[in-house]
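Notes follow the structure.
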Amino acid sequence: MGQRDPLTEWQREGFEMFGDLMDMVGQDFVKFVMRVEVVNEEPETAPEQLSYSSADDAGPGSGSGSIAAAARAEAAARGEQVEAPEPEPNKPIVKDSAFDKVGRNEPCPCGSGKKFKQCHGKA
């Protein structure tokens, strides 16, 4: 018989050892699962939710947002249709002066169609 390549033998041994490891892990898992005892417990009943009528006697976490959220949650619990409040539309930003900080090559804000440097930006 000829000599065997050490690298090949090392790879073969490693592969066999890995297979043995996988088998042991599988056996340990089955042993662990078979020892598990399933216990059914009665679910605890949820305590009644507190409702607050005004901000003066409000409890923890009281604020206009949390009171409104609590009211929506109570209405949903009663089966009522709850509509979310509409957010306010964004307002445009208005500059004090139309000619402040206009770039030289931008259109002139006066509406002439010329570049700012050719219209109102001349020095």
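What you see is a predicted model; the values in this text were computed from it and never measured.
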Rounded to the nearest 0.5 angstrom, the CZ-CZ distance for R4 and R12 is 6.5 Å
dist Q118:CD -> C108:SG (nearest 0.5 Å) comes out at 11.0 Å
Shortest non-hydrogen pair, G103 vs F116, comes out as O-CB, 3.6 Å
When rounded to the nearest 0.5 Å, the distance separating CD of Q11 from CG of D5 is 8.5 Å
